[in-house]
Amino acid sequence: MEVLAASGLRLDLDIFDYLILILYFGTVLGVGFAARRAIKTSADFFLSGRSMPAWVTGLAFVSANLGALEILGMAANGAQYGLMTLHYYWIGAVPAMVFLGIVMMPFYYGSKVHSVPEFLRRRFNNSTHLFNAVSFAVAQVLIAGVNLFALALILQALLGWPLWVSIGLGAAIVLIYIGIGGLSSAIYNEVLQFFVIVAGLLPITIVGLVKVGGIDGLFEKVRQSPLGEAGLHTWADTATSDNPLGANWIGIIFGLGFVLSFGYWTTNFAEVQRALSAKDMSAARRTPIIGAFPKLVIPVVTVIPGLIALVTVKGLGAEEGDLTYNNAIPLLMRDLLPNGVLGVAVTGLLASFMAGMAANVSGFNTVFTYDIWQPYIRKGRSDDYYLKVGRWATFGGVVIGIGTAFIAAGYDNIMNYIQALFSLFNAPLFATFIVGMFWKRMSAWAGFWSLLLGFLASLALYLGHITETIHFNSDLEESFWGAGAAFVTAVVVAILVTLFTPPKPEEELRGLVYGLAGSSTSGEVIISGDKVWWRNPVLLGAIAVVLAFVLYIPVW
Amino acid sequence: MAEDQKKVSAAARLFDVRRVIGGLFVVYGVIVTLLGIFDNQSEIDKAQGVRINLWMGLAMLALGLFFLLWLRLSPPKPPETKDAEDQ
């Protein structure tokens, strides 16, 4: 990533672009201060008082994932792998989001837990809870640091700001608006950021398509590029691994579409937290499903610009320098956008880095306060006390984030580092969850051991990979196998340990396990939905999945 | 963990994100539209002959007005006590 620092990417911003940028950050801070007046209790701070309408939480849900790393990374993949990048959206995200809304949300929201780790405490035991809470908290500050560092790199490349200025400024803004305004502030800014980033990226797609002669012209030019015809298909070449992505259909469906995707979307608290803040069960269930609809069309502003960059920027795809794939979007901004929309695009990119970091920090402070401090360090204090702890945790999270940003500066490939974190933490967690939710016999200790050994299985492959004792073709292949190994290990361990340990009493599992209905998780609740058909999660979810299939047809 | 649910304050419902989005996009829309009207030829050429500032400015203005209008037509409900199912 440090290649971004070269000066060839420097954008020529004028006073109006800076005005647009300053107005945005003024608004963000204003939202933080306005939200402060609305915060009276710790639940207001950590869960927005469970008061958000579904369209707000839904857009925040997709926005928390639409960090700038994701945007720049997917445009890079679009340029490198062509339309197969669409798999990250249509099979790698939408089905899992729909599954979360229809099947899993009744357990999360219905059981009134604050967080994903707390669900584990109630379903299993304290050991499982503490292990997950600590590993989640650590992962969140590491990723927050990565976001901060990447933000600083982009600012240095595009605007020429020194790294330490950007890191300090970015951290200060996030600290102020999360520390003061809590989750409400994070969610409102995520919704705002969603519109700004789309408004900033859309001109790149529009002007770019005009330049290459529309979508037909684009496809024609891709055919003549090194990527060739293979870059214009998603499934046609997947009978073998001989395609741009290097994965066959089994790998795509089970590796990407199932283990990685379900692991990320259904158990990542930084995401699930948005749905937990919804005002009622129906809104909570619709949150990820509403998020799935924008997710279906986001490739228009990521993958398409990647292809446009491939055919318009000479020499794109260099190993280093300004012309790496990662710079696809900044290069197009430089080449195509006049001042004005350029300011909106820069603002959108910066906003999405901050939203990414804010999502990590707000997940961290909640888990630290509710899942580490309250149950294990200082029990039974007043609500005001925990609200204060939450604010201090925010401060601590941001400060540690600054520290990890300078650690991240030492790595040369940031995305691979994040992928490794996901395959370490999310894949075993998903396995433990899915078995625990659908098999009431699974014992408390089975939860702990399946989580721990699943993590260790993935860690072993990761260490084998970086020390080169086990050979993988690429980092991507390692993260797929790591996730797969973690998943299988966690499931097998869950079954074996359960056979030798006593089950949890059914009374304690009510509302947490499928088939042991509390008031909110019976089979009928899962099938049924809101009284109004257009608010029915099952119907909306089915439409999203069908749309994903239909969108594949012209580019199969 | 039920104690905090009772204490969830109604104040959190009071301020509305539609006002924030609407306000910012109206301002952005006006700025970018004006830039678009006064764009010189080199800026239009850079955007491949598309008057992108003008079009995006108008689109952002429309989006901002849409949110403000929505807020006007369905204002946030006054705070109410939490539903029974939430207790």
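Proteins get letters first, then strands, A, B, ... in listed order; numbering begins at 1 in each.
- The two atoms that bring A:L23 and B:L24 nearest to each other are O-CD1, 4.1 Å, heavy atoms only.
- Residues A:W55 and B:V17 meet the side-chain proximity criterion, which asks for heavy atoms closer than 4.5 Å.
- For B:L63, the part lying near chain A is the side chain, with the backbone staying farther off; criterion is any non-hydrogen pair under 4.5 Å.
- Of the listed residues B:I52, B:V32, B:L34, the one with more heavy-atom pairs under 4.5 angstrom with chain A than any other is B:I52.
- Proximity to chain B involves both the backbone and the side chain of A:N339, based on heavy atoms less than 4.5 angstrom apart.
- Shown here is A:Y18, whose OH atom has more than 12 heavy atoms of other residues, nucleotides or ligands within 6.0 Å.
- Heavy-atom distances place the side chain of A:V344, and not its backbone, under 4.5 Å from chain B.
- For A:V56, the part lying under 4.5 angstrom from a heavy atom of chain B is the side chain only.
- Annotation: maximal heavy-atom pairing with chain B below 4.5 Å, among A:T347, A:L342, A:L336, occurs at A:L336.
- The number of heavy atoms from other shown groups lying within 6.0 Å of CG (B:L73) is above 12.
- A distance of 6.0 Å or more separates the ring centres of B:Y28 and A:Y24.
- Note that CG of A:L192 is 6.5 Å distant from CZ of B:F25, once rounded to the nearest 0.5 Å.
- The CD1 atom of A:I20 sits 6.5 Å away from atom CG of B:L35, with the distance rounded to the nearest 0.5 Å.
- Proximity to chain B is limited to the side chain of A:F16, based on heavy atoms less than 4.5 angstrom apart.
- Closest of all the heavy-atom pairs between A:V341 and B:N53 is N-OD1, 2.9 Å.
- In terms of heavy-atom proximity, B:M60 sits nearest to A:A199 at SD-CB, 3.9 Å.
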